[in-house]
A.B. asks: 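Shown below is the structure under consideration.
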Amino acid sequence: MNGAVVHAYSKAKDGAVQLTANFKVREFACQDGSDTLFVSTELAQVLQKIRAHFGKPVTINSAYRTDIHNGGVGGSPTSQHLYGLAADIVVQGVAPKEVAQYAETVLGTKGGIGLYNWGVHVDVRAKRSRWNSTSGRERAVSGF
């Protein structure tokens, strides 16, 4: 991992805990219904910056994933979602490419940004990674 501060939570016990001005723990929970989840403090802060910049709601479609759920959705065995470092997001009324371009300014020389037709993958990994999957095939890109 990248040295990021990652906290473990219980969705049942901690779900209503406010991580930032606009994000609660429950929004980062795995979609498989499991109780335990992991969330990077830095990831929550990056999503808050995106929310503040656009002034519009950010929907987290997928954040933390258990191994089983990650495999079930076709995620990479080394997915940043497994560590609480990633979120797949949509910003209401904003084109995914515009979100990716802004995320680029927030993450700079580190983190992952993946552009999809449905939205944007954002993660806070230590190394820089960028990809475009809008054509249906993932291809590495230099940036957005």
A.B. asks: CD1 of Ile113 to CG of Leu107: how many Å apart, nearest 0.5 Å?
C.D. replies: 5.0 Å
A.B. asks: For the residue pair Tyr64 and Phe38, is the inter-centroid distance of their aromatic rings smaller than 6.0 Å?
C.D. replies: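 Tyr64 vs Phe38: aromatic centres under 6.0 Å.
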A.B. asks: Closest heavy-atom contact between Ala86 and Asp123?
C.D. replies: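 Taking Ala86 first and Asp123 second, the nearest heavy atoms are CB-CB, 3.6 Å.
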A.B. asks: Let me check something: do Val122 and Val106 share a hydrophobic cluster, defined by ILVMFWY side-chain heavy atoms less than 4.5 Å apart, either directly or through other members?
C.D. replies: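 Both belong to a single hydrophobic cluster.
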A.B. asks: Rounded at 0.5 Å granularity, tell me how far CG in Leu115 sits from CD in Gln101.
C.D. replies: 9.0 Å
A.B. asks: Quick check: closest heavy atoms across Ala87 and Leu47, and the distance to 0.1 Å?
C.D. replies: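 Of all heavy-atom pairs spanning Ala87 and Leu47, the closest is CB-CD1, 3.9 Å.
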A.B. asks: Compare every heavy atom of Ala29 with every heavy atom of Lys11, then report the nearest pair and how far apart it is.
C.D. replies: CD-CB, 3.6 Å
A.B. asks: Any idea which heavy atoms bring Val120 and Pro96 closest together, and the distance?
C.D. replies: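 Of all heavy-atom pairs spanning Val120 and Pro96, the closest is CG2-O, 3.2 Å.
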A.B. asks: Give the C-alpha distance, both sets of side-chain angles, the deciding distance and a yes or no for side-chain contact (heavy atoms from CB on, under 4.5 Å) between Leu19 and Phe28.
C.D. replies: CA-CA 10 Å; Leu19 296 174; Phe28 293 84; 3.7 Å; yes
A.B. asks: Would you confirm whether Arg128, through its side chain, and Ser142, through its main-chain N or O, come within 3.5 Å as a donor-acceptor pair?
C.D. replies: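 Yes; at least one donor-acceptor contact below 3.5 Å.
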A.B. asks: Is it true that a side-chain atom of Arg130 and a backbone atom of Gly111 form a donor plus acceptor pair closer than 3.5 Å?
C.D. replies: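 Yes, the answer is positive, given that a donor and an acceptor are paired below the 3.5 Å cut-off.
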A.B. asks: With side-chain contact (heavy atoms from CB on, under 4.5 Å) as the test, would you mind laying out the steps for Glu98 and Phe54 before giving the verdict?
C.D. replies: CA-CA 10 Å; Glu98 192 175 344; Phe54 291 107; 3.7 Å; yes
A.B. asks: I'd like to know if the side chain of Asp35 and the backbone of Ala12 have a donor-acceptor N/O pair within less than 3.5 Å.
C.D. replies: yes
A.B. asks: Are Tyr102 and Val99 close enough, and set up right, to give a side-chain contact (heavy atoms from CB on, under 4.5 Å), and what steps lead you there?
C.D. replies: CA-CA 5 Å; Tyr102 179 70; Val99 175; over 6 Å; no
A.B. asks: In this structure, which one of Leu85, Thr41, Leu43 forms a side-chain contact (heavy atoms from CB on, under 4.5 Å) with Val6?
C.D. replies: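 Among Leu85, Thr41, Leu43, the one meeting side-chain contact (heavy atoms from CB on, under 4.5 Å) with Val6 is Leu85.
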A.B. asks: Search all heavy atoms of Leu82 against all heavy atoms of Ser76 and return the closest pair with its distance.
C.D. replies: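 The pair with the smallest heavy-atom distance is CD1-O, 4.2 Å.
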A.B. asks: Quick check on the hydrophobic clustering: are Tyr116 and Phe144 connected, directly or via other members, by side-chain heavy-atom contacts under 4.5 Å?
C.D. replies: no
A.B. asks: Work out which heavy atom in Lys110 is nearest to a heavy atom in Glu42; give both atom names and the distance.
C.D. replies: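 Looking at all heavy atoms of both residues, the closest pair is NZ-OE2, 2.6 Å.
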A.B. asks: CG/Asn132 to CG/Asn117 distance, rounded to the nearest 0.5 angstrom?
C.D. replies: 8.5 Å
A.B. asks: side-chain contact (heavy atoms from CB on, under 4.5 Å) between Val58 and Phe23: does it pass, once the steps are laid out?
C.D. replies: CA-CA 9 Å; Val58 173; Phe23 294 99; 3.7 Å; yes
A.B. asks: Measure the spacing between SG of Cys30 and CZ of Arg65 and express it to the nearest 0.5 Å.
C.D. replies: 8.0 Å
A.B. asks: What distance separates Gln18 CD from Lys24 NZ, expressed to the nearest 0.5 Å?
C.D. replies: 5.0 Å
A.B. asks: What orientation do His121 and His81 show, parallel under 30°, tilted 30 to 60°, or perpendicular over 60°?
C.D. replies: perpendicular
A.B. asks: Given Arg51, which partner from the list Val46, Thr20, Val91, Asn22 fulfils the side-chain contact (heavy atoms from CB on, under 4.5 Å) test?
C.D. replies: Asn22
A.B. asks: Do the ring planes of Tyr9 and His7 sit parallel (below 30°), tilted (30 to 60°) or perpendicular (above 60°)?
C.D. replies: tilted
A.B. asks: So how far is it from Glu27 CD to Leu37 CG, rounded to the nearest 0.5 Å?
C.D. replies: 11.5 Å
